[in-house]
Engineer: 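Got a structure here, written out as structure tokens. Questions coming.
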Amino acid sequence: MTRTHDCSQLRDTDIGEEVVLMGWVQYRRDHGGVIFVDLRDQRDITQVVFNPEVSTQVHEKAQAIRNEYVIGIRGKVTARPADMLNPKMSTGAIEVLAEELRIFSEAKTPAFQIEERIEASESIRLKYRHLDLRRPKLKQNILSRHKASMAARQYLDSNGFTDIETPFLTKSTPEGARDYLVPSRVNQGDFYALPQSPQLFKQLLMISGFDRYYQIVRCFRDEDLRADRQPEFTQIDMELSFVNEQQVMEVAEGLIVRIFKDVLDIDLVTPFKQLTYDEAIDRFGLDRPDLRFGLELCNISDIVKDAGFKVFADVVKKGGLVKAINAKGCATFTRKQIDELTDFAAVYKAKGLAWIKVKEDGDWQSPIAKFFTDEEKDNMRQALDMAPGDIVFFVADQPRITNEALGQLRNELARRLELIDDNRYEFTWVTEFPMFEYDDIEKRYQALHHPFTAPMESDIDKLESDPLEAKSRAYDLVLNGIEIGGGSIRIHSTDLQQKVFTCLGIGDEEARDKFGFLLEALESGTPPHGGIAFGFDRLVMLLCQEDSIRNVIAFPKTQKATCMLTDAPSEATTEQLQELAIRIAKPAAATDSPE
RNA sequence: GGGGGUGUAGUUCAGUUUGGUUAGAACGCUUGCCUGUCACGCAAGAGGCCGCGAGUUCGAGUCUCGUCACUCCCGCCA
């Protein structure tokens, strides 16, 4: 028996033809006489009919069929009776009258039904991933992912990029995320690290003279998971020589345009918007603004710096920020809703959420209204465009907290007020990031992007004089409030690289030890270069309108980084550990021996 | 590491507020009937460690404490 067609192909033009179809049984409908089977394969569903008038033997055999059995049938394509067409099926004009049946494989009753409309909990779906992948949504997501991947490869190939693989077993780096370690048997006691990204290798490739590199590559970070974070994830990674920021962004935009065209048939308009980091923070509070709605933040620090309301005035005096959002027409918010929003802001460390409702007569209803002079009120009214029916929310705190809390509140308000159009795609670049931020816990500067990002030329002097003011040549691409990619122009001189290491508190010795190979390579003739990496899973998630990257990864991990299908990770055998010279020393609390 | 949510039949859930005697529904499953269904229909039936462990109580799915799993978020992570 040889398959002649798949379950998506047959139409009324095929009537009379003898065909062989193979697939899974979606439904069996036994009418006592005639039996209908909806036969499903990857591509679609075709109805098969077992009629005792055609063959009593085959009909009898078909009675044993159950859902998810894998069968093959040979038969004639026939027209359905005129009033029995099924317009819901692409193959609904025909059916195949079975003359021969093979049951390739029986199937246990599945843990959940292979149907879109049937809900199943995430843990069940993960445990039986092979079944979930049979269902339309997940299957479509995986196919979209493939389309996106093919679009990227074709675009990059036709733009002169070379796909070059880089090692997975590589060297641990001190900056950035926690590494996944792999013990070395040949070199007992030593460990490889799985790459957090191929960053250094792609820079080395530029130094090698491959002037346009790309890779769709797995990356590994041993950090806690989120809906949009898995321990292993995929990047579209690229690097170019002899380019500046604008050139990288242009190529990257072309890539995104191509992917949206091929996957969704959407024509995006380029160039994308560009915001500086400072402007993004000022207007939206976050470095990944969602531009699908307004509700911009307003800095009223100057207006309230001398106000009788000490909470505001003191914050400004200590170098903090007072900012506000006007939720137009939302003065109807109840006390309960305001409390919920206050709790929401508290998650981001805001100590409070002040508010002012503007009543219909223009008067303010607010616990804090009495603290302001008429002039301050007028200024606020003007700055915030306050009209009857509005409610304004305020956060006063250190700049970071004010911006983060109010920026997140902005997103939350938009969700609650349903201001977000799910079918819109608002891209923006965010540029001119700071080089460093200060880590209060480790008492040192940390690279906002990574240690190989070049500073803006005009800011090189600030590396020593005022590191926090130095801006970098980094850029992020943000789509609907989600960072989907980021990159930078890199440092291509040893001197500058060493200066940046110094800022980061990486001494000469440590630099030689950890990055010696890079410093060595930089001295061997390095082209100016830069690149970008896209979070492929996140991108596909957005293309598929999913809210978790687990739904676009064939075999994802749980929030505790386990695989419910294979039960990984699991213990190693004593022999394995001996070969690696590893002894397990779990904390005493983990043993369950009685006291 | 911290906070929230969920956990009851194969699956999705109700029941938990206010403890009470036999834990329900839908879908699925099994069997029988049915020659035009397409989420077929009709009839009958099977199916429960109420996540796990302690405790309170005459009595716990329900209350308390602990614990485990899944999930969302903060921290962490670009």
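Just so we're on the same page: letters track the sequence lines, and every chain starts at 1.
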Engineer: Classify the angle between the aromatic ring planes of A:F515 and A:F501 as parallel (below 30°), tilted (30 to 60°) or perpendicular (above 60°).
Structural biologist: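 Ring orientation, 0 to 90° scale: parallel.
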Engineer: Please work out which of the three classes, parallel, tilted or perpendicular, describes the rings of A:W429 and A:Y475, given edges at 30° and 60°.
Structural biologist: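 Perpendicular.
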Engineer: Kindly say if A:S121 contacts the phosphate of B:U12, meaning a side-chain N or O under 4.0 Å from OP1 or OP2.
Structural biologist: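 So the side-chain polar atoms of A:S121 do come within 4.0 Å of the phosphate oxygens OP1 or OP2 of B:U12, strictly under.
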Engineer: I need a per-nucleotide contact map over nucleotides 23-31 of chain B, read 5' to 3'. Cutoff is protein heavy atoms under 4.0 Å; write B for the base, S for backbone only, - otherwise.
Structural biologist: ----BSSSS
Engineer: Where the side chain of A:Q47 is concerned, which of B:C73, B:G36, B:U71 is the nearest nucleotide?
Structural biologist: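 Of the candidates, B:G36 comes closest.
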Engineer: State which of B:C70, B:G36, B:U71 makes the closest approach to the side chain of A:R80.
Structural biologist: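 Of B:C70, B:G36, B:U71, B:G36 is nearest to the side chain of A:R80.
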Engineer: Would you say the side-chain atoms of A:S8 and A:D6 include a donor-acceptor pair closer than 3.5 Å?
Structural biologist: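 A donor-acceptor contact under 3.5 Å links the two side chains.
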Engineer: Mind calculating the distance between NE2 (A:H31) and P (B:A43) to the nearest angstrom?
Structural biologist: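 Spelled out: NE2 on A:H31 to P on B:A43 is 16 Å.
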Engineer: Using a cutoff of under 3.5 Å, can you pull out all pairs of nitrogen or oxygen atoms linking the protein to nucleotides 74-78 of chain B, with atom names and distances?
Structural biologist:
unit_1 : atom_1 : unit_2 : atom_2 : d
B:C74  : OP2    : A:R226 : NE     : 3.0
B:C74  : O2'    : A:K349 : NZ     : 3.0
B:G75  : N7     : A:R226 : NH2    : 2.7
B:G75  : O6     : A:R226 : NH1    : 2.8
B:G75  : O6     : A:R226 : NH2    : 3.1
B:G75  : N1     : A:D224 : OD2    : 2.6
B:G75  : N2     : A:D224 : OD2    : 3.1
B:C76  : O2'    : A:E223 : OE1    : 2.6
B:C76  : O2     : A:R229 : NH2    : 3.1
B:C76  : N3     : A:R229 : NH1    : 3.2
B:C76  : N3     : A:R229 : NH2    : 2.8
B:C76  : N4     : A:R226 : NH2    : 3.3
B:C76  : N4     : A:R229 : NH1    : 3.1
B:C77  : O3'    : A:A177 : N      : 3.4
B:C77  : O2     : A:R229 : NE     : 3.3
B:C77  : O2     : A:R229 : NH1    : 2.7
B:C77  : N3     : A:R229 : NH1    : 3.2
B:A78  : OP1    : A:A177 : N      : 2.8

Engineer: Once you apply the 3.5 Å cut-off to both distances, tell me the Watson-Crick or G-U wobble partner of B:C13, or none.
Structural biologist: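 By the stated definition (distances under 3.5 Å), B:G24 pairs with B:C13.
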Engineer: Specify the separation, in whole Å, of atom CD of A:E412 and atom P of B:G4.
Structural biologist: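 Rounded to the whole Å, the gap is 18 Å.
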Engineer: Establish whether the base of B:C38 is bridged to the side chain of A:D38 by a donor-acceptor pair shorter than 3.5 Å.
Structural biologist: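 By the distance-only test, no, there is no pair.
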Engineer: Is it the case that A:E95 and A:T46 place a side-chain donor and acceptor less than 3.5 Å from each other?
Structural biologist: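 No, no side-chain donor-acceptor contact under 3.5 Å.
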Engineer: Whole-Å distance between B:C34 C1' and A:F50 CZ?
Structural biologist: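 So the CZ-C1' distance, A:F50 to B:C34, works out to 18 Å.
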Engineer: Are the ring of A:F112 and the six-membered base ring of B:U11 within the stacking cut-offs of under 5.5 Å and under 30°?
Structural biologist: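 One would not call A:F112 stacked on the B:U11 base.
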Engineer: Whether the A:R288 and A:N480 side chains hold a donor-acceptor pair (N or O, under 3.5 Å, no angle test) is what I'd like checked.
Structural biologist: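 Short answer, no.
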Engineer: Any N or O donor-acceptor pair under 3.5 Å from the base of B:U11 to the side chain of A:E119?
Structural biologist: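 Counting by modelled atom types and ignoring angles, no donor-acceptor contact under 3.5 Å is found here.
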Engineer: What integer distance in Å separates A:M89:CE from B:U37:C1'?
Structural biologist: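 Taking atom C1' of B:U37 as the reference, CE of A:M89 is at 11 Å.
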Engineer: Phosphate oxygens OP1/OP2 of B:A69: is one of them under 4.0 Å from a side-chain N or O of A:K560?
Structural biologist: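 For B:A69, OP1 or OP2 has a side-chain N or O of A:K560 closer than 4.0 Å.
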Engineer: Considering only the C1' atoms, how many Å lie between B:A9 and B:C27, rounded to the nearest integer?
Structural biologist: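 So the two C1' atoms sit 12 Å from each other.
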Engineer: Would you please say whether a donor-acceptor pair under 3.5 Å links the side chains of A:N67 and A:Q26?
Structural biologist: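 Absent: no donor and acceptor within the cut-off.
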Engineer: Can you tell me the base-pairing partner of B:G19? Count Watson-Crick or G-U wobble geometry only, both distances below 3.5 Å, and say none if there is no partner.
Structural biologist: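 Across any shown strand, B:G19 pairs with none.
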Engineer: Hunt down the Watson-Crick or G-U wobble partner of B:U6, both distances under 3.5 Å, from any strand shown, or write none.
Structural biologist: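 Here B:U6 is engaged in a pair, and the nucleotide opposite it is B:A69.
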Engineer: Between B:U17 and B:U62, how far apart are the C1' atoms? Round to whole Å, please.
Structural biologist: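 The answer is 10 Å between these two C1' atoms.
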Engineer: Checking base pairs now: Watson-Crick or wobble, both atom distances under 3.5 Å. What partners B:A54?
Structural biologist: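 B:U64 - that is the nucleotide pairing with B:A54, both distances being under 3.5 Å.
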Engineer: Go nucleotide by nucleotide along RNA chain B from the 5' end; which of A:A120 and A:N51 gets its closest nucleotide reached first?
Structural biologist: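 Its nucleotide being nearer the 5' end, the pick is A:A120.
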Engineer: Let's see if you can work this out: which of B:A39, B:C38, B:G36 has an atom nearest to the side-chain heavy atoms of A:R29?
Structural biologist: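 Of the options given, the side chain of A:R29 lies nearest B:C38.
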Engineer: Quick one: are A:R145 and A:I553 in side-chain contact, heavy atoms under 4.5 Å?
Structural biologist: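 Yes, close enough: below the 4.5 Å cut-off.
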Engineer: How would you label the contact of A:T562 with the nucleic acid (heavy atoms, under 4.0 Å): base, sugar-phosphate, or nothing?
Structural biologist: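 The answer is sugar-phosphate, as A:T562 gets under 4.0 Å only of primed atoms, P, OP1 or OP2.
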Engineer: Starting the side chain at C-beta, find the nucleotide from B:C72, B:C40, B:U12 nearest to A:Y27.
Structural biologist: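 My answer, after comparing the listed nucleotides, is B:C40.
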Engineer: How far, in whole Å, is B:A39 from B:C74 if one measures between their P atoms?
Structural biologist: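 The answer is 42 Å between these two P atoms.
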Engineer: Just checking, any donor-acceptor pair under 3.5 angstrom between side chains of A:Q199 and A:Q203?
Structural biologist: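 A:Q203 and A:Q199 do have a side-chain donor-acceptor pair below 3.5 Å.
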Engineer: Does any nucleotide pair with B:G41 by Watson-Crick or G-U wobble geometry, both distances under 3.5 Å, and what is it?
Structural biologist: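 WC or wobble partner is B:C33.
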Engineer: Would you mind reading off the distance between A:D30 atom CG and B:C42 atom P, rounded to a whole angstrom?
Structural biologist: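 From A:D30 CG to B:C42 P: 15 Å.
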Engineer: Whole-Å distance between B:C34 P and A:Q63 CD?
Structural biologist: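 Going from A:Q63 (CD) to B:C34 (P), I get 10 Å.
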Engineer: Could you give the CE-to-C1' distance, from A:M564 to B:A69, as a whole number of Å?
Structural biologist: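 It works out to 7 Å between those atoms.
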Engineer: Rounding to an integer number of Å, can you tell me how far A:D343 CG sits from B:C73 C1'?
Structural biologist: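 Computing the A:D343:CG to B:C73:C1' distance gives 13 Å.
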Engineer: Whether the A:D237 and A:Y213 side chains hold a donor-acceptor pair (N or O, under 3.5 Å, no angle test) is what I'd like checked.
Structural biologist: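 Yes, A:Y213 and A:D237 have a side-chain donor paired with an acceptor closer than 3.5 Å.
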Engineer: Return the minimal non-hydrogen interatomic distance between A:V77 and A:R11, and the atom names on each side.
Structural biologist: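 For A:V77 and A:R11, the tightest heavy-atom pair comes out as CG1-O, 4.3 Å.
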Engineer: Does a side chain donor of either A:D397 or A:T402 reach within less than 3.5 Å of an acceptor in the other side chain?
Structural biologist: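 No, no side-chain donor-acceptor contact under 3.5 Å.
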